[in-house]
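Every number for a ligand or one of its atoms is a count from 1 in the order of the listing. Keep in mind that what you see is a predicted model, and the values were worked out from it rather than measured. Note that these values count all heavy atoms, side chains included, but never hydrogens, waters or copies made by symmetry.
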Amino acid sequence: MPEDFIVTPWEVRGEVDYDKLIEKFGTQKVTDDLLKHIEKHASPLHVMLRRGLFYSHRDMNWILEQHEKGNTFYLYTGRGPSGHTTIGHLVPWILCKWLQDNFKNKFYFQLTEDEKFMFDESKTLEDTKKYAYENALDVIALGFDPSLTNIFLDTEYIHHLYPIAIKVAKRVTFSTVRAVFGFTQSNNIGSIFYTSIQAAPAFLGSVLEGKNIPCLIPCGIDQDPHFRIARDAAEHLGYYKPALLHNKLLPSLTGSDKMSASIPGSSIFTTDSEDDIKKSVQNAFTGGRVSIEEQKKLGGDPDICSVYKYYLYLFIPDDKELQDRYEECRSGNIMCGECKQHLISLVWGFLKDHQEKREKARDVLEDFMLRD
Ligand code: TRP
């Protein structure tokens, strides 16, 4: 039977059914009980948790229990530097910042310039390295505590990563990576080894401190296959299995499910000018009708609207304000043009401030870098 959608770390195709993905991947739903448990330690809950953008997990209850016993977890996430950062990329990083504020965790951030070099025929290592440093500025701009935060590039921190990576690699067969990632005979051999490099930071915190420390990885659900492999290897290595908290992929403004950084105008980059944002948002896919008259009569459909999803998950955290907008749309009182203008002003309000912090981050970059 042909699959109706595909989600791997390198490809998202079709209309993603997120509940089905939980079954396919064998993860757990984020339940109200779990949210209450998190809220005991971190209140108020972050809007991305409250509104279900983070919707799936592995071993999150165990992570909280360990924290309650005094064995607090560290955080790990990362970024494949294929270009500038989009708002979609920020999602797990923003959650990490919120977790760090509440739980005081150490935070490891991996930049995989090796991955993007290996998987993209057209990119040089210089290109991906350059973007790695650009992306690091976005991480720092979110306000992480430098004394708890460690950012590294794979090729520059390899002395520490390699011994862990080969211990993972020894436990992963070619037939496993072929099945998990869909590799064929024509994939280059670097790609086949790569998952062991992405697994390494899931144990790095324990290696550096010389004791077993739980690790929590907030990430897009598309990255889960790497960590299924890491979890299997953990037992052999004698470390805890890393726990995960997965977000849905922020839809692109053009309507398809994952924000694609490669289709111009479908994503908002953190480096965009106000004009760039206007262009992207003005072309956005909405729940509007074919004509103004019809929309006044029938109302719009916020449930399918990409502009509304940006409000829901990021830009309108206030419940009452969001509800008002929803109803104004449904009742045909507000048209898409006006609504897009509102999103433009919210996004630009956020990015203007982010871009200032991003520039300041250049001066403090070294305070955050983990060096071999
Ligand atoms: N493979 C990820 C990407 O393409 C980058 C990455 C490395 C990552 N380590 C991670 C993502 C840990 C999430 C969690 O963006």
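Ring pair His342/Trp348: centre-to-centre distance not below 6.0 Å.
For Tyr157, the ring-ring contact (aromatic ring centres under 6.0 Å, His included) criterion is met by Phe152, His160, not counting sequence neighbours.
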Ligand 1 polar-atom proximity to protein (N/O, under 3.5 Å):
| unit_1 | atom_1 | unit_2 | atom_2 | d |
| --- | --- | --- | --- | --- |
| ligand 1 | 1 (N) | Glu115 | OE1 | 2.9 |
| ligand 1 | 1 (N) | Glu115 | OE2 | 3.2 |
| ligand 1 | 1 (N) | Gln198 | OE1 | 2.9 |
| ligand 1 | 1 (N) | Gln223 | OE1 | 3.0 |
| ligand 1 | 4 (O) | Glu115 | OE1 | 3.4 |
| ligand 1 | 4 (O) | Lys116 | NZ | 3.3 |
| ligand 1 | 9 (N) | Tyr76 | OH | 2.9 |
| ligand 1 | 9 (N) | Gln110 | OE1 | 2.9 |
| ligand 1 | 15 (O) | Gly80 | N | 2.9 |

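Taking the ring axis of Phe117 as reference, the NZ or CZ atom of Lys123 does not stay both within 45° of it and closer than 6.0 Å to the ring centre.
The salt bridge (charged side-chain N to carboxylate O under 4.0 Å, His left out) contacts involving residues 226-238 comprise Asp59-Arg231, Asp224-Arg228, where partners must be two or more places apart or lie in separate chains.
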For residues 208-220, which side-chain donor-acceptor pairs fall under 3.5 Å, sequence neighbours excluded?
| unit_1 | atom_1 | unit_2 | atom_2 | d |
| --- | --- | --- | --- | --- |
| Glu209 | OE2 | Lys106 | NZ | 2.5 |
| Asn212 | OD1 | Tyr240 | N | 3.2 |
| Asn212 | ND2 | Gly238 | O | 3.3 |

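Ring pair Phe103/His41 is tilted by interplanar angle, where 30° to 60° counts as tilted.
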